[in-house]
Protein chains: 2
Amino acid sequence: MSENVGRWLRDEIENSILSNEFRPGERLDEMVLATRFGVSRTPVREALMQLDAIGLIEIRPRRGAVVIDPGPHRVYEMFEVMAELEGLAGLLAARRLDKASREAIMATHGRCERSAAAGDSDAYYYDNEEFHKAIYAAGRSDFLEEQCAQLHRRLRPYRRLQLRVRNRVSTSYLEHCAIVDAIFAGDGEEARRLLRGHVGIQGERFSDLVASMATR
Amino acid sequence: MSENVGRWLRDEIENSILSNEFRPGERLDEMVLATRFGVSRTPVREALMQLDAIGLIEIRPRRGAVVIDPGPHRVYEMFEVMAELEGLAGLLAARRLDKASREAIMATHGRCERSAAAGDSDAYYYDNEEFHKAIYAAGRSDFLEEQCAQLHRRLRPYRRLQLRVRNRVSTSYLEHCAIVDAIFAGDGEEARRLLRGHVGIQGERFSDLVASMATR
DNA sequence: AACGGAGTTCTTGTATACACGATTGTTGAC
DNA sequence: GTCAACAATCGTGTATACAAGAACTCCGTT
């Protein structure tokens, strides 16, 4: 537990939302949350204010908080922005790569290879996250890294759905290989282009997303 | 005043920070703010939690809230990300331009021309903001529009400093012209490239920024 | 004179109390 | 039977009270 209850609650509720325990559109009753976590309403309210500021929930005055339902189109828009930011991270990574970042990317890339070979999509899901984080870090822009990490978190549930699609894991891994090559070769523009394609969801991948969102 | 005091306070304090009334590093005392605005500590705390979540202030547990001082390097990173997002907005605007957006861009562009010709850098500062907002809107991506607007707000003070640099207003206007041409011609990649260059701060413009940040 | 420690004060973190608006349920009229 | 108005209830918004940690002061020691 964090040093103050408010932060802890924020993380706790955020996780519950991202793990789909609190579903989009669901009402978050302050009193219910307070008793559930064994605290008073005050820290609950503070946690909710923060989640509202982040954009995970919406607090309608005098009418309580509800989990925001982004809807397929907005999720698409979020992936679009994510693709752009990851592209920038890749560009910077290629230009600013140093020994430590190179090794971090290699290591996470290796782990992705193993879990992809094993066909373990849950393991790949986790390793993939670490791989992307290694690229953010290699870009050496704290602000960009934070923005990427935040958006990545918010898109986590949808990313997970995507990996369930047939062959997506192996395709993803092949794309990683090309990305690593471009970054290690110092070809920033190529890394950017590849990452944009890797993260963005064009064509049939968009329909896959919509389909999986509809059926959960 | 907004319907609830918390929101109102958030906006109020946010403006005070962005207008440099509350300076970076300054301590924000809850009790002082509460008496100043004539409310209790509760809504003040809620406002502060939100500002913390947005990243404008930092709340250190049991040690109060302080205004975050981004520092030149981090401001540079923020401009870097902003350039990328604006580039994407330009690309989308060129691809999705419709009559209404076209007219909105034309109108704001025209206002920029007038204030640039008059050499009124304060007026230009405002018109420039509207011009960029028109481009975000033309991109037809609500999420991107929100992200752009939020970053734009946070970078406002620095943008203002930049315009004070000699000839920056007229240079900026010339760049606007090229951007409008690219968007109207439907050349998305060109619009992206130009907007990246327009918003980003490379070379001597970075030193200008650092210099003006140091002397305020 | 400088440093360290104990006590005091001040501020934050959490709980509780109260007020007001929204929602819901019930009753009566058409 | 349906709709509207009023009442009761429930939940949020704000204030205040209390607890606990951090900072500051003052005094003593080296």
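Sequence lines set the chain letters: A, B, ... in the order given, protein chains first and strands last, and positions in each chain run from 1.
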Interatomic distance, B/Asp29 CG vs C/dG13 C1' [rounded to whole Å]: 14 Å
A/Leu48 CG - D/dG11 C1' separation (whole Å): 13 Å
Check against side-chain contact (heavy atoms from CB on, under 4.5 Å), A/Leu209 and A/Val165: CA-CA 9 Å; A/Leu209 174 73; A/Val165 174; over 6 Å; no
Of the listed nucleotides C/dA15, D/dT14, C/dG13, the one nearest the side chain of A/Ser40: C/dA15
B/Asn4, nearest nucleotide to its side chain (from D/dT12, D/dT14, C/dT12): D/dT14
Proximal nucleotide (of D/dT14, D/dG13, C/dT12) relative to the B/Pro43 side chain: D/dT14
Euclidean distance, atom CD of residue A/Glu30 to atom P of D/dT14 [Å, nearest integer]: 11 Å
Rounded distance (Å) that lies between atom P of D/dA23 and atom CZ of B/Arg60: 8 Å
A/Arg62 CZ - D/dG11 P separation (whole Å): 14 Å
Distance test, side-chain N/O of A/Arg7 to OP1/OP2 of C/dT14, below 4.0 Å: no
Carboxylate-amine/guanidinium proximity below 4.0 Å for B/Glu145 and A/Arg74: no
Donor-acceptor pair (no angle test) under 3.5 Å: A/Arg41 side chain, D/dG13 base: yes
Pairing of A/Arg41 and A/Glu46 as salt bridge, 4.0 angstrom limit: no
Parallel, tilted or perpendicular: rings of A/Tyr158 and A/Phe79 (30°, 60°): perpendicular
Touch class at under 4.0 angstrom, heavy-atom based, for B/Arg63 against every strand present: sugar-phosphate
Salt-bridge contact B/Glu130-B/Arg111 (side-chain N to carboxylate O under 4.0 Å): no
Shortest side-chain distance from B/Glu46, nucleotide among C/dT12, D/dG11, D/dT14: D/dT14
Whole-Å gap separating P (D/dG13) and CZ (B/Arg45): 17 Å
Gap between atoms CE and P, on B/Met31 and D/dT14 respectively (whole Å): 16 Å
Atom-to-atom span, CE of B/Met49 to P of C/dT14 - whole angstrom: 8 Å
